[in-house]
Amino acid sequence: MHALLFLALLFFVPAGCIPGNKTLVGPPAFEAIEKIDLHAHIFEYIPGFAEVLKENNLRLVNICVVAVDPEHVKWMEEVAELMHLNFGSLHPFACTFPLDRIYEPGYQQRVERWLDNAFEQGAALTKLWKEVGMELKTPSGDWLMPDDPLFDPIYDHLAKRGKSLIAHLAEPKIAWLPLAPGDSTSYYATHPEWHFYGREDVPSYERIIAARDNILQKHPDLTFIGAHLGSLEHDVDMIAERLERYPNFQVELGSRTVFLAQQPSAKVREFLIRYQDRVMYGTDIARVPGENEELEPDQRPEFFRSVLETYRRDYNYYSGNGMIDYNGKQVEALALPREVLEKLYAGNARRIIPGLDN
Ligand SMILES: [Zn+2]
């Protein structure tokens, strides 16, 4: 090609782009994009981890769970506060609220005091876990659903205070479906208590999802974050339907990127671009004493390596080009534009959740 024609073409093409959304310059470096993992449970002090996070431009929001056990919830919150106190913006946290003695008089006031205190100690938001809808019962023996009027004053209190609720309600739909033949290693194979296929004694998936939708309907002023893509991870169309219907709804990815990677890439890409202000990144990485053995010093490098592998694998899917391996499967990477990546990874969390904007 004539050198002058080549130069002219170069100037004609917008910087970094060629038609068809393919980037000429490649995705931004992993470290160049600020990452807030909105869904983590790191309740162990791991020397050296803070440095790893800083080097990789990464912050983890620690989420407290299991609120039916008053001792557990108190302990989790103390650890989360301590991590926040010691590491500041590297470890913001979500408190939860007690779910014991819920039918005793003054329950809502007790929760409001609890929440106010947790916010005072630095909690940026609060979490509601799947035990509501799948474990707790009403006095009449029915399942206690998350849209029960019992919780209305609590949701109102959060809305009034401008604090977000991140809610993990229900499970992926596959929890109600049979395991794949020969499966002995998946989450539901190893956690049969949360695997509901063929069980009569558990509420249906649809019932819990409908109860969640009813909260969104009843509390339009509550900033509501559906953890794990709002348990609609198997179908971006179902998520889009709720995002359209409920302006106060947003979702977080907590370990559900693998479900997106099973859907057509063009469709997922379009979804993430259309709802670029409503989706936030998360992994659900966890180190919880009692569930995980404390890491020995010689195990730390391997832990750091595996954590970074998770983040890089996801990043490769969202930012990369062409066919990639995701979790042993060949999928087309999404090649999201930089501004969409920036919102997904940190911008939305900063904008939506006061306390993460530092
Ligand atoms: Zn989690």
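As the structure lists them, so they are numbered: ligands from 1, and atoms in each ligand from 1. All figures in this text were calculated on a predicted structure; none of them were measured in a lab. Worth knowing before you read on, the calculation uses all heavy atoms, side chains too, and leaves out hydrogens, waters and symmetry mates.
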- Answer key: the N, O or S atom of Asp284 nearest to the Zn ion (ligand 1) is OD1
- Item | Whether Arg101 side chain and Tyr107 backbone form a donor-acceptor pair below 3.5 Å | no
- Between the side chain of Glu339 and the main-chain N/O of Pro337, is any donor-acceptor distance below 3.5 Å? no
- Item | Shortest-distance N, O or S atom of His39 relative to the Zn ion (ligand 1) | NE2
- Residue His228, metal the Zn ion (ligand 1), N/O/S under 2.8 Å: no
- Under 4.0 Å between a Lys/Arg side-chain N and an Asp/Glu carboxylate O for Asp325 and Arg313? no
- Quick one: report the N, O or S atom of His41 that is nearest to the Zn ion (ligand 1). NE2
- Flag, side chain of Asn57 to backbone of Glu31, donor-acceptor distance under 3.5 Å: yes
